[in-house]
Amino acid sequence: MISLDQIIRLIFFPPIFITIVFPGLIALLIVIVFLIWLERKIAAKVQLRYGPLYILKPLGGVIQTVADLLRYLFAEVIIPRRADKFSFIMAPILSFGFAFIPIVALPISSKYFAFKSDLSLLVVLALLTIAPIFILIIGWASDNKFSFIGSLREGYMIMAYEVPLFLSVLAMAILYNTLDIIEIVETQSKWVWGILLNPIAAFVFLICTFMMTARFPFEISEAEQEIVMGPFTEYTGIIFGLCMSYSYIKLYILSLLFAYLFLGGWYPIVWPFTLNPIMPGIITLIKGLIVMIIGIFLRSVYPRFRVDQTLRIGWEGMFVLSIVALILSFSLVILVK
Amino acid sequence: MSEDKFMQVLIGPQHPGSGHMRFIVKMDGDIISEFEPDIGYVHRAVEKIAESKRYIQIVPLVERPILADTANINLGYILALERLLGIDAPPRAQYLRTLLAEINRIHSHLYGLGIHGIMIGSSTIFMWCFADREIWIELAQELTGARITYSYMIPGGVRRDLPNGFNEKLSKAIAYMEERLKDYEKIFINNPVVTARLIDVGIIKKDDAIKLGIVGPNLRASGVAYDVRKIEPYCAYPEIDFDIIVRKEGDAYSRVLVRFEEIKQSMKIVKQVVEKIPSGPIINESYLKLIPPKLREKAEQTGIWKMPAIFINLKPRKGEAISRVEAGRGEVTHYIVSDGSPNPYRFRVVTPSFRNLIAFKYTMPGHRLADIPAIYGSLDYFPPSADR
Amino acid sequence: MVFSITRSLKSFGKFLRRILIRIIEKRPIRDIRDWGISYSLWPAHFTTACCGAEFAAASAPRFDAERFGFLPFTSARQCNVVFIEGTLSRKMAKAARMVFEQMPEPKFVIAMGACPIDGGIFWNSYNIVLAHNILPVDVYIPGCPPRPEAVARSIMMLQDKIKKMGGAKYDELK
Amino acid sequence: MMSLNELKEMIEKELGALAFKVDSEAPNLIIINVEAPNLFEVAFKLNHMGFDHVKVVTGTDYPIEKKIELVYHVSSYTNIDLAKVIIALKIRLDKSNPKVKSLVKIWPSAEYLERETYDLVGIIFEDHPKLERLLLPSDWDQIPPLWKDFKIKTEGIDA
């Protein structure tokens, strides 16, 4: 017989807890459901509307996304005749998977993590870069001109946001003298938050996050009025649900990463329950949510840039800024030593 | 995909950025090399149907294709018809027509501004414009009794008098709108992303604009000071003071600005109209005579007139008439050929959108794919009115 | 050999699909599905004629159709409602049929305005098509043009039809 | 300021024998009747005078006379004096062979107007850059709908 105690211990076994509960699948699902609702609700608030409401009136229609998910779940899945069937189905699943995997490397606190590695920050970023490749495959497999153009745009964008993003992370790594997320957070708890140490790197990271996750004003690869739904134009049903959540997963992971790198991770308050993974988890999540909410709020302020303008911002703006951030980090390190 | 280096992209009619038409675009990489609008998706043969209808029945018919700007299109038709009938509206009716035309111009411009906003991705400006559009629609509704299909102007006058308390509501609406326009400037006009998207995009030079025969705000944004309200004043416009907004640049951004400033001008006109409006009958005396005295007495009290029965059998003289009117989107031209029967022999209406259609073909090439919605929105093109 | 395998795979797929549909059509799952669908009616961006102006007003702040979970969305593949906004011309009717066929099931049609019902003011035009001749219309909205309130009403009617009358059936069971 | 009569005389002088009748019905309208072969030359001269754009192109069917009347309404944007009038350039064509030289080369603004007239009235404009169906479906095979012998239902007893 497995006792209750064993079950609890199994659930709180770090690799399982992190992948399944937090920051893994369950928390992810709740956050996405909440985030998409919040996105529509914030936009509605700015736009003098109510937004989704009647589905659950007392709570302002918070489960609207659940209804949308149900519809996707029970909708017919259409595979266009001219599409390459295997890659058409596999590419979104794999892109979802690779966007999700980096979660494993995210620690909850200094004593609670799935695995400890000196390079956990690098692992997260490296895994995140794999996912966009499948977007290119999607565009090819759909055999639709809008998908094709959309995935090409994504292809152009990959370089423009990834190089500055990596450089800004590198700047922080130099500053903290480590690539281990746990040590990064611990270092911050001794000094000050990273955003105060190197605000330029934080800014670059934030902008690149919005570029990477197709937030406004960089919603280039899914630009509705130009190329319908970008790479995902041909997708129906639950596979489209995967595609749609793809950018939100990336937003989720990058926001948590932002919290670890720049906002002191789980460390604003000294909490008494050291063993408990819940409290530090919540603190990290709140910090991440603030970043996510900034991201979704931009929708109601900005229209979108053109693709060439975005690339220019990436290369001429963010790239240069990230170099400046690197120099700043170097000089700080030299100054301290 | 075709074998040569060009890629043909068909945009629409089911496309978030196309409206009721199709663009046949030939792309060279990300650059448009050929652009052909394919219209006719909303062609409902207004001109042919008009030949089977009585003159008064055409009043609602011409409104339908141009749902966003019904008052102005109607005014044009009525002016042409009045020229054929040899009749004129009394001064009060002229002022009321001007009032409705300008209210309609405001909400038509808000419509255009909003659609342009959503085209380049700003859903907020779309929602705001449509929210504030409702205020003007409600004012017009108070005046005419209908939400957007007013059928307010009739030969020889208008259908209803000014309702009680209209002036207060109007001044309230103007005060509100002036505040809101400042918000619009913050979120849309001065938004860095908007300026980056629209400045120097879709330039129509002055010479080209004249050659292509563009109309309305698009023409004025290219530096041509042509406004029918000044060139050939109709209704109460000769007695009203307003400016023609002209800009030199001719790009998408200047078209937005012209529209934006014209909203302010329209509010100025509306203010003057309610100040200057003379008292008197609202239908021409020759039609008024036909109303039985008792009904007439009642109508003078309530301000709501029942149309005389003669309207169903209006028989204009044999001949033809042309009228032009500055509608929200530009100049509307109505041309009626009458053979003396109660039905028109030939009815022709050329709408501003149809005149602006040519701008697509000659403006788009050389721009990027992402500029299509930016330029399309800036032209304020309303497909049903072009197709009729 | 390969051919026969693919054919048997196909027939197996069909069989699987039929079984899945049978399971989904059972009571508790069906109710959950109908609830989800009724609050998630997404029309495709497909404006057929001038009623589109009033349709846009219906999703704008004063009337805000998004309260019902009604969100105009990009392409037919991700939507489940065809909203016929006014007259269908012959050219547009072809497009409307195509949009309808591109949509995944279960899908619905709302026809707005007098024109799709009987032609409206354009009843004697040579270039129009009545909606019921090409699409299975679920809800009609009379009016020329209907007010945005009527659009909101039509959404509620369609929700009722899905929830109470089992409107969301897959094509194979119809 | 130029009065309507002065303008009329000016146009008569300019066009000479090309136009066989110039008159004005309304205070803003000057009607010039032209023979089809002279149309292009007249248009060229009008354009030279400053009438720089076409407002309307209309084709009207007269089945009893077996003619189609083609009207170009022309006006000006640049010259304020000319902008106040509209010139109606009228040509009568045989219904059996409604062919005329396109004026797109002179007034590019006529391109879509002429194309629509071709589509709905069936007038063939020679030298037009793209004379194809515009409003009607491309598989339209009946007579042009704006001809009087194209019957649609009408209200009343015969409906």
Side-chain angles (χ1 to χ4, degrees), chain B residues 36-45 47-49 51-54 57 80 83-84 206-215 219 222 224-226 228 230-232 319-324 331 333-335 337 339 343 345-350 354-358 360-362 386-388, chain D residues 25-29 31 52-62 69 71 73-78 80-86 88 90 106-113 115-117 119-121 129-130 132-138 140 145-148 150-156 159:
Chain B
E36 182 69 41
D38 173 17
I39 64 168
Y41 284 90
V42 209
H43 176 57
R44 292 169 295 186
E47 287 172 13
K48 184 71 181 177
I49 295 174
E51 288 172 15
S52 74
K53 287 202 186 321
R54 301 288 164 100
Q57 288 174 320
R83 262 168 215 168
L84 270 181
K206 189 176 176 181
D207 293 353
D208 292 339
I210 293 167
K211 240 197 292 175
L212 298 177
I214 314 280
V215 287
L219 179 71
S222 295
V224 184
Y226 179 86
V228 185
K230 289 276 189 200
I231 299 285
E232 191 193 309
E320 58 189 89
I322 187 163
S323 79
R324 45 179 166 169
E331 181 186 41
T333 325
H334 288 265
Y335 175 57
V337 181
D339 60 349
N343 300 334
Y345 188 76
R346 176 80 165 90
F347 173 73
R348 178 92 169 101
V349 46
V350 173
F354 192 73
R355 299 266 300 274
N356 282 335
L357 177 67
I358 194 168
F360 283 98
K361 192 174 172 181
Y362 291 101
D387 295 1
R388 280 155 288 134
Chain D
E25 255 186 48
N28 62 346
L29 189 65
I31 299 171
D52 49 25
H53 70 282
V54 179
K55 284 191 190 305
V56 188
V57 176
T58 319
T60 315
D61 179 27
Y62 291 97
E69 191 179 69
V71 189
H73 285 98
V74 186
S75 189
S76 173
Y77 278 151
T78 37
I80 297 286
D81 279 344
L82 300 184
K84 289 186 195 305
V85 284
I86 298 173
K90 287 193 178 178
I106 296 169
W107 289 306
S109 45
E111 181 177 339
Y112 279 88
L113 291 161
R115 200 171 146 190
E116 189 208 359
T117 311
D119 197 10
L120 298 181
V121 194
K130 190 168 184 173
E132 288 172 13
R133 290 245 173 262
L134 183 69
L135 296 176
L136 295 177
S138 51
W140 180 267
L146 281 176
W147 285 9
K148 290 288 171 188
F150 184 90
K151 291 271 186 268
I152 54 168
K153 283 183 280 179
T154 48
E155 271 177 53

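The chains referred to below are lettered A, B, ... by the order of the sequence lines, with proteins before strands, and numbering in each begins at 1.
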Do you know the tightest heavy-atom contact between B/Gly213 and D/His53?
CA-CB, 4.1 Å
Given a strict heavy-atom distance threshold of 4.5 Å, which part of D/Asp61 is in contact with chain B: side chain, backbone, both, or neither?
backbone
Minimum heavy-atom separation for D/Glu111 to B/Tyr362, with atom names?
OE1-OH, 2.8 Å
Given heavy-atom pairs under 4.5 angstrom as the criterion, report whether the side chain, backbone, both or neither of D/Leu120 touches chain B.
side chain
Of all heavy-atom pairs linking B/Ile358 and D/Ser109, the shortest is CD1-CA, 4.1 Å
Is chain B contacted by the side chain of D/Ser76, its backbone, both, or neither, given a heavy-atom distance below 4.5 Å?
backbone
Chain B contact via D/Val121 - which portion, at a heavy-atom distance below 4.5 Å
side chain
Are any non-hydrogen side-chain atoms of B/His43 and D/Leu134 less than 4.5 angstrom apart?
no
Under the ring pair (Phe, Tyr, Trp, His ring centres under 6.0 Å) test, which residues partner B/Tyr226, sequence neighbours left out?
D/Tyr77
In terms of side-chain geometry, is the basic nitrogen of B/Arg348 or D/Glu69 positioned less than 4.0 Å from the acidic oxygen of its partner?
no
Are the side chain of D/Lys55 and the backbone N or O of B/Thr333 linked by a donor-acceptor pair below 3.5 Å?
no
Do D/Tyr62 and B/Val337 come close enough that some side-chain heavy atom pair is under 4.5 Å?
yes
Contact origin within D/Pro108 toward chain B - heavy atom pairs under 4.5 Å:
both
Please flag which part of D/Val54 lies under 4.5 Å from any non-hydrogen atom of chain B: side chain, backbone, both or neither.
backbone
